[in-house]
Amino acid sequence: MPKKVAMIGTGYVGLVTGVCFASKGHDVTCVDVIPEKVEQINEGKTPIFEPGLEELLLNARKEGRLEATLDGASAIKKAELIFIAVPTPSKEDGSIDLSFIEEVSHTIGKTIRDVTDKKTVVVKSTVIPGTTEKVVGRIIEEESGKKRGIGFGLAMNPEFLKEGKAVEDFLDPDRIVIGAIDSESFNEVKALYEWAEAPILETSPTTAELIKYAANSFLAMKISFINEIANYCELLGVDVKDVAQGIGLDERISPKFLRAGAGFGGSCFPKDVAALYSHSKQLGRELILLRSTLEVNKQQPLRTVELLREEVGDLSGKTIAILGLAFKPDTDDMREAASIPIIEQLIKEGARVKATDPIAIPNAKKILSHPNINYYDKINDVLKEADALILVTEWDEYRQLSPSDLKSLMKGDVVIDGRRIWNPELFHKHGLRYRGIGLGKKKN
Ligand code: UDX
């Protein structure tokens with residue numbers, strides 16, 4: 001049975017969720033406060049870059065199952081389910097900023113005050129455990145004069161979407177978690193997922209909130225773990241890739257998320273681990289593993305600069321080529337990208353930076369701007385006159401670069417592989433001084 005859904009917030013998560021629900025036959029109204037975004041969506045264009053999304057959006061528009069509006073109240077009034085998908089940014093101290101969630105909860109509460117039908121409010125945003133019940137539920141009760149479970153339903157339904165694979169992840173999920181206050185709320189949300197073959201987990205809202213944070217924290221911890229082992233491998237003269245393969249074959253460990261490198265970035269891992277850590281401290285039960293996960297990740301990008309210094313010495317006046325700026329390949333997202341601390345450190349030490357990326361340069365320019373940083377679209381242009389290069393993001397096109405081309409284009413001969421994409425032997429054979437994260441120095 002198709003449901004009527006209001007999706008409040010058309011950021012990355014809200015838009016993907018709204019468009020995917022519409023593609024499964026539900027009637028979706030997306031709400032946002034930015035007129036340009038609303039216009040764009042109604043024209044069938046996506047404000048974000050995400051493979052497969054525009055096609056689904058166009059289709060949903062054609063079939064009349066999705067529209068965008070600035071008018072939150074009317075969208076709420078006609079919906080059976082109201083999704084909250086607004087941002088939950090970090091504050092300076094790492095704790096979560098719930099002001100958008102609170103604002104939307106006030107609007108929902110005021111709007112449902114005079115409606116007669118029972119609506120279900122669903123939190124999709126990533127929120128600290130307890131938020132759905134203690135913040136969203138409380139505000140809506142105060143504003144609407146209705147009791148949860150009687151006047152309105154309440155649930156939390158976390159997302160597990162990877163950038164660049166969000167549509168795929170949504171339409172073919174590993175699991176669906178629905179944390180609901182009662183079975184009626186649970187069934188309402190479940191009805192949206194009739195098409196999904198994945199297991200559906202029924203929990204409390206607080207459990208669902210924690211599942212989201214624990215999943216991201218665990219993955220982030222796995223990366224920091226292998227990065228710590230990588231740094232230790234360098235001292236022993238062994239290769240972390242062999243160690244990752246050796247432990248990854250144990251089914252209990254699995255080979256996934258064991259790629260050592262310049263550290264994790266993006267919009268989720270750094271923010272979510274910091275938020276959960278900060279919350280645990282507030283509650284007086286500090287999650288020490290999360291603190292370590294963040295500490296390792298803060299140091300990790302700078303490990304590439306240390307390797308560089310070991311080869312080049314004083315960096316002052318040196319020209320360093322940077323390959324890759326985005327936090328991972330196939331995105332132009334620069335949030336918490338390893339390239340930021342790496343380039344800042346190089347500049348601090350007096351180096352000149354020539355940087356390239358297939359699509360992230362416009363976003364990088366907004367964050368990293370200095371007379372000694374220059375951006376180039378072409379790889380050849382960054383390599384020219386470079387004393388050394390650091391590979392920061394493992395774009396496919398960088399994998400194909402041949403060591404002989406690098407050797408002929410660069411002034412110097414130092415290559416730092418921050419993501420371990422190249423074959424060290426091949427680079428050594430061509431007379432390049434290759435250093436990689438988690439690989440001991442070659443003995444001459
Ligand atoms: C992540 C989670 O995967 C997703 O489930 C959640 O909903 C949002 O956060 P995303 O941030 O899009 O998704 O990227 P992901 O592909 O998971 O990579 C995150 C970061 O970890 C990247 O900077 C990547 O380079 C790094 N990473 C990942 C490693 O350094 N090593 C690995 O083995 C895997």
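Counting starts at 1 for both ligands and their atoms, in listed order. This chain uses plain numbering: 1 for the first residue, then up along the sequence.
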Using heavy-atom distances, let me know which of [options] sits nearest [atom].
| atom | options | answer |
| --- | --- | --- |
| atom 14 (O) of ligand 1 | Lys328, Glu336, Arg420, Lys165 | Lys328 |
| atom 32 (C) of ligand 1 | Gln300, Lys256, Arg259, Lys271 | Arg259 |
| atom 11 (O) of ligand 1 | Phe257, Phe160, Phe327, Phe269 | Phe327 |
| atom 28 (C) of ligand 1 | Ile437, Ile223, Asp174 | Ile223 |

Quick one: nearest non-hydrogen protein atom to [atom], plus distance?
| atom | value |
| --- | --- |
| atom 12 (O) of ligand 1 | Glu163 N, 2.7 Å |
| atom 4 (C) of ligand 1 | Leu161 O, 3.5 Å |
| atom 20 (C) of ligand 1 | Phe264 CB, 3.7 Å |
| atom 3 (O) of ligand 1 | Lys162 CG, 3.4 Å |
| atom 9 (O) of ligand 1 | Cys268 CB, 3.1 Å |

Could you tell me if Arg335 sits above the aromatic ring of Phe327, with its cationic atom closer than 6.0 Å to the ring centre and no more than 45 degrees from the axis?
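No, a cation-pi geometry is absent between Arg335 and Phe327.
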
Any Gly265 heavy atom less than 4.0 Å to ligand 1:
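Flag set, Gly265 near ligand 1.
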
Would you please say whether a donor-acceptor pair under 3.5 Å links the side chains of Gln299 and Glu295?
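Looking only at side-chain atoms, Glu295 and Gln299 do not form any donor-acceptor pair under 3.5 Å.
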
Compute whether any side-chain donor of one residue and acceptor of the other, for Tyr277 and Glu286, lie under 3.5 angstrom apart.
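Distance-only check passes for Tyr277 and Glu286.
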
Please indicate whether Phe100 has more than 12 foreign heavy atoms, meaning atoms of other residues, nucleotides or ligands, lying under 6.0 Å from its CZ.
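No, because the 6.0 Å sphere around CZ of Phe100 holds 12 heavy atoms or fewer from other groups.
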
Side chains of Ile108 and Ile84 in contact at under 4.5 Å (non-hydrogen atoms):
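Ile108 reaches Ile84 side chain to side chain.
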
